[in-house]
Asker: 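What follows is a structure written as C-alpha cells; I'll ask about it next.
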Amino acid sequence: MTTLEDPVTPPTGGSLMPTLSGDYYCSADVFATEQERIFEQMWFCAVRSADLPEPGAFRRVQVGRESVLVVRGRDGALNAFLNVCRHRGAMICTEESGTVKRHLKCPYHAWTYALDGKLFAAPNLGSLTDANGQRIDRVEYGLIKVALREWLGYAWVCLADDPPSFETDVVGSVTMRLGDPEAVERYGVSDLAVGRRIVYDVAANWKLIIENFMECYHCATIHPELTEVLPEFADGLAAQYFVGHGAQFGEQVQGFTIDGGAGVPSIPGITPEQDRRYYAITVRPNVFVNLVPDHVIIHRMYPMAADRTVVECDWLYVPEVVEQDMDLKRSVELFHRVNMQDFDACERTQPAMSSRGYRAGGVLVPSEHHIGEFHDWIVSRLT
Amino acid sequence: MTTLEDPVTPPTGGSLMPTLSGDYYCSADVFATEQERIFEQMWFCAVRSADLPEPGAFRRVQVGRESVLVVRGRDGALNAFLNVCRHRGAMICTEESGTVKRHLKCPYHAWTYALDGKLFAAPNLGSLTDANGQRIDRVEYGLIKVALREWLGYAWVCLADDPPSFETDVVGSVTMRLGDPEAVERYGVSDLAVGRRIVYDVAANWKLIIENFMECYHCATIHPELTEVLPEFADGLAAQYFVGHGAQFGEQVQGFTIDGGAGVPSIPGITPEQDRRYYAITVRPNVFVNLVPDHVIIHRMYPMAADRTVVECDWLYVPEVVEQDMDLKRSVELFHRVNMQDFDACERTQPAMSSRGYRAGGVLVPSEHHIGEFHDWIVSRLT
Amino acid sequence: MTTLEDPVTPPTGGSLMPTLSGDYYCSADVFATEQERIFEQMWFCAVRSADLPEPGAFRRVQVGRESVLVVRGRDGALNAFLNVCRHRGAMICTEESGTVKRHLKCPYHAWTYALDGKLFAAPNLGSLTDANGQRIDRVEYGLIKVALREWLGYAWVCLADDPPSFETDVVGSVTMRLGDPEAVERYGVSDLAVGRRIVYDVAANWKLIIENFMECYHCATIHPELTEVLPEFADGLAAQYFVGHGAQFGEQVQGFTIDGGAGVPSIPGITPEQDRRYYAITVRPNVFVNLVPDHVIIHRMYPMAADRTVVECDWLYVPEVVEQDMDLKRSVELFHRVNMQDFDACERTQPAMSSRGYRAGGVLVPSEHHIGEFHDWIVSRLT
C-alpha cells in the first residue's frame, strides 16, 4: 500500500506485473487447501448480531466446509458451535434461522443442549457413563465451541484451535487502510440498522471477486453510474490504493445514489473530512466494507466451490432512517448495480482460468499492482 | 445379540461406545469399496417374483454398480443376467420392466438371446467363427449369468463368482433373529400379495438407514404413532435387541394401523405367540423385514452414491385381502409415516458426517450397542 | 481398408475380433488424455465459413477444452484465437456468435484487439512497459493465435504448437476413402449453402458415435428408411468398407429422401458415376461427410465429457435451392431420422461400458473389422 502526497494522481506509467496462474482459480485441490488454511483458520464474518435479537435466536452459517450455529444465550451473549450432535451426528438445526425456547434439542434422539452448549439432557442420561465408567461430562459431550468475537455489529467466528489475534487481523486491517483507528468508529457501524440485504450467487472463484473489489481500472468500462458519482474512479485508481484516501463525490453530486440525488440523513458521528467521500476496505478473507456519509455497505463472501461464491450484502443506515421507512431505493440501487456489473465481469473471467491461454496467468497494470500483494499473501497461506 | 429372561427391561445403564468415523458415510472411495466388497459379493434382494408373472417377463434392477436383468424363462423359472450385449455392449433392455415374446433381442444389431441367456441368433451368425476359428459357442457368447435364488417371494441375486451360502447368510440371519427357523415360514411370505409399493429416494448413506432401523432410542422422539401402537418402543429398546422378541401391541390397540384400529384379516399360519406382536429383522446388506399379524413389510435398499439410497418398500397381505380391495390405507399409513420420519432423520444426519465435529465419530448409548457389531462387520468387509 | 473387385458382396464369414475395453468409453482420465492428445493436437472442423459473412463477424467454438474465437478480419480472411484477454483473463466474447464493428474489446477493462489479434488499445497503454521496461509489444500481448485452414467451406483449427499436415490428415483421409482426390471436389462443397442445421446433444462417448457411423451391421435393425433407399445396406456392409465405393440407390428410388421420392436439383459438377450413389467418409477426429447427388451432409462432433458429445449437423445444397426456398423437408428428414436412430443406439450402449460384462470389451463381426483399425489408432494416440 502506497502513501502519496497527492493521492488522486494515478500512477499510470510503469511496468506490467504477473498475476497468479489460472489453476489457482479453478483447481478443486487449491480450493480445498484454501478452505483448510484460510477460511477455517482466519476470522470469518458470519452473522449480523442484530439478526439474533433475543435469547434462543440462532442462525446457521457455512464457514469453510463447516455448518456453524450462532446462538444468543440466556445471558444475552452470542456463542458459536459446530452444528453437530455429539451422539450420532445429526444436525441440530437444519433451518437457516429461528428461535428456540430454552434449549437446542437434537430432533433425532432428543439429546438436548443448553444455549451455552453444555449437554443438558438426553434419554437415560442419568444412568450413562463414558468409556471410562465416569459420569458423562456435560462440557466434554456438549456442542463443540467455535471462537466468536463481535465487531461492527457482526459476529466473527474462527474455527482455528488457536485463533489469530482479532485486533491485528480484523481491526488492524481496517485501521491500516483508513490510517487511523478512530476513522471507522465514527460511523458507529454496530448501531446501524439493516435497510436492505441482497444475496448474490456468483459463478466465480472468491479471489476474482476480491481482486475486482481491490482495483478500479475496470470502473470506467463497466461502472457508468459509479464513475458519475465518483469522477476520480474514471481515472482507474481504486480508493484502496492510498492509505486514508476516500474518493470524492463529484461537484454536482448530492449523495451516494443511483442518480447522484440527495441520500438520507448522514450518520451523526462522521467528520467533515469523511463527508462527501467514499471509503472501501477489504478485510481478508471474506469482507468488504464501504463507507459513505449516510450509509455503510458490508459484503460477506461464502466460498462454496472453486467456481462458486455466495455473497451477502447489507446496506446499513441510521436506525431512524429504517424505522421511518424512508425511501432507500435510489441509495440501494447504486451499489446493487455495481455488484451486478462486477459479478458479471467475474463470471466472464472464471471460464478462462482453465484455458492454456491463462496457464501462466495474465498481467497487472500499475494501478493494479497492490493486487500483487494479495497474490503473495495467498501463496504464503497455501504453502 | 443378547438373550434376556425378561426382554422388555431395557439396559438403560452402561457406558458409551464409539461409532464409525464420519468418513465411512461420505467418502466416495469407501462407497466404491462397499459396492465391490458388499453389494457385488453378497446376496441382494432384487425383485418380487410375482412381478414377473409369465415367461418373457423381465425387470431391470441396479445391483451394486451393475444393471441386472431378471427374466422368467420358458420353463417358468427365473434367471438373472448382466444387461449387456456380448457383441458391442448395448443394454439389452432400457425399460424398467416389460415382457418379450420369445427372446431378448439387442435393439442395436439384433443379436438375439433365448430366455435362458444362450445366444440364439445374430445377422450372419451361421458363417461366423470365434477367434480360434471355431463355431460360435452359444453359451460362451450368451448373456452373462448371475446367481439367483428365490425366497420369501423375492428373487435374490449374487454377482460374486463364487456366491456365499444363501442358507447361512440370508435364511440364517432371519433364523438367528427370530430364534426359530419355523417362525418366518408361518407368515407364508412368498404367498402374500403386494398391496402397496412406495419408492423413497433418500439423501443419506445406506448405513445410516440400517443403523436407524436397528435401534429404537429415537422412537420416542420421532415416532409418536408407532410408540402409541407399540408402547415398549417409547422406552427406546429396539425389537431387534433380543433374540425372538416381538414388540407387543398396546392394550387398547386392535391392529398395526395409523390409529391403532383394527387391521385386515390375519395371516392364517401364525401362532398365538406371534399374534399382536411386531418383529423386525435386518438381512444384510439391503433388506428389512417387518412382521405383524395381518401383513409383512419388506424394504429393499439400492445404494446409489455415498449420500443417496433408493428404498423400495412393499406392503404384503393375504391375497384375498388385496383381491377384495379391502381398505389398506390406515395399515399402509403407519409404516409409511415411520419411513418418512426415519428417512428425514437420516437426511439430517448425512451432512454432518463430513464435519470435523464427527471426524472421530459419535457415541452409541447402551440400547444402541448392537450397532457396534454392525460397524465391526462393515470394517471387516472393507479390509 | 479393403479393396475388392465386387464391392457389394459382403464378407459375411470370418472370425470375431476384440474391441476396445469398456473403460476407454467411460473413464474421465482417458477422456482427458483424448482431449490433450487428439482434439487439442489434430485439425478440428470448427465453423462453417459462410456463417461469418463480413469483417468483424465471429463465432465462439469449443475445441478440446478451449474456447476458441473464429473471426473474419478486415482483409476478409478468417483468424482463430484463444478467447482469453491477455490482461486478467476475461473471455473476450461470451456470446455464441455476433459481429463487432472494428475491434474485439474485452468487456472487463477495455483492452482492445484488432481483428488480426494485435493489441490495439488499453487504458493508459501508452505509458505502460513490460516486465523488462520495454514498450508493450502489440503481438506478444495480442490474442493468442490458433492455426486455421479453410476447406470444404469450413474453418478447421488446430491447437497444436506444431500442427500436423492438413493435406495428409484431412484432405488425405477423404482421398483415401474416395480413391481419387478429384472425387470430393466435384461436389463443390465450399460453394454449397446450409439448408438446415440441427444440433444434437448425445449422452454417449464420441467414439461410440464414430464406430456407429463406420459400420452398417446395424442398418437392417435400426434404419428401415435408410435401407429402403440404399438396399445394399440391409446386408450390413458399410459404404466405408471399400475404397471408392458408394452405396447405390434402390431401383425405384428417385432421391435421397425419407420416402425415396425425388430430391432437389443435383449438384452440377458430379459425374454420372457419382449420381444415384451415397458416399460416407470419416475425417478424424470429429467429422463425417455424406455425399449424395443433390446434397452434402456434414457432421461435426464436440466431445464434452466421457459420456457426452454435442453433434452439429449441416445439410448443404446448391445455393439456388436454398435461395428459392425449395422444400427440403423430405430430404432433411431422412438423415435426421438416421441420426436419431444412431444416437439412440449410442446412448443405449454408453451405460454398459462401465459394466463388468464389458470390462474386456465385446467383439467385432467381419463386416465391422475396419473398426479395429480405428481402435488401434486410438490406442496409438493415447500411448
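Naming: A, B, ... by sequence-line order, numbering from 1 per chain.
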Asker: Under 4.5 Å, heavy atom to heavy atom: which of residues 333-344 of chain A reach chain C? Give them by number, or say none.
Answerer: none
Asker: Which of residues 46-77 of chain C have a heavy atom under 4.5 Å from any heavy atom of chain A?
Answerer: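 C:E66, listed by number.
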Asker: At a heavy-atom distance under 4.5 Å, which candidate from C:D130, C:I144, C:I136, C:L125 has the highest pair count against chain A?
Answerer: C:D130
Asker: Do the side chains of A:Y217 and C:R88 get nearer than 4.5 Å, heavy atoms only?
Answerer: no
Asker: Report which part of A:I371 has an atom under 4.5 Å of a heavy atom belonging to chain C: side chain, backbone, both, or neither.
Answerer: side chain
Asker: With sequence neighbours excluded, tell me which residues meet salt bridge (charged side-chain N to carboxylate O under 4.0 Å, His left out) with C:E36.
Answerer: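 Salt bridge (charged side-chain N to carboxylate O under 4.0 Å, His left out) check on C:E36 returns nothing, list empty.
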Asker: Taking C:A110, C:A122, C:P107 one by one, which has the highest count of heavy-atom pairs under 4.5 Å against chain A?
Answerer: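 Option with the top pair count is C:P107.
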Asker: Just wondering, are more than 12 heavy atoms of other shown residues or ligands nearer than 6.0 Å to CD in C:E95?
Answerer: yes
Asker: For C:Q134, which atoms come within 4.5 Å of any heavy atom of chain A: side chain, backbone, both, or neither?
Answerer: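 Answer is neither: C:Q134 stays 4.5 Å or more from chain A.
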Asker: Within the supplied structure, the quantity of interest is the number of heavy atoms (other residues, nucleotides, ligands) at a distance under 6.0 Å from C:Y200 OH; does it exceed 12?
Answerer: yes
Asker: So what's closer than 4.5 Å to chain A heavy atoms on C:Y141: side chain, backbone, both or neither?
Answerer: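 Just its side chain gets close to chain A.
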Asker: Report, in residue-number order, which members of residues 347-365 of chain A are under 4.5 Å from chain C by heavy-atom distance.
Answerer: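 Result: A:R348, A:T349, A:P351, A:A352, A:M353, A:S354, A:S355, A:R356, A:G357, A:Y358, A:G362, A:V363, A:L364, A:V365.
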Asker: Around atom CD of A:E228, are there more than 12 heavy atoms from other residues, nucleotides or ligands closer than 6.0 Å?
Answerer: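 12 or below, so no.
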Asker: With a 4.5 angstrom heavy-atom cut-off, could you sort out which part of C:L159 is near chain A: side chain, backbone, both or neither?
Answerer: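 Both backbone and side chain of C:L159 come within 4.5 Å of chain A.
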Asker: So, do C:H87 and A:H218 sit near enough that their side-chain heavy atoms are less than 4.5 Å apart?
Answerer: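 A side-chain contact under 4.5 Å is absent here.
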Asker: Is it true that, when you exclude C:R135 itself, more than 12 heavy atoms of the residues, nucleotides or ligands shown sit nearer than 6.0 Å to its CZ?
Answerer: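 No - once you tally the heavy atoms of other residues, nucleotides and ligands closer than 6.0 Å, there are 12 at most.
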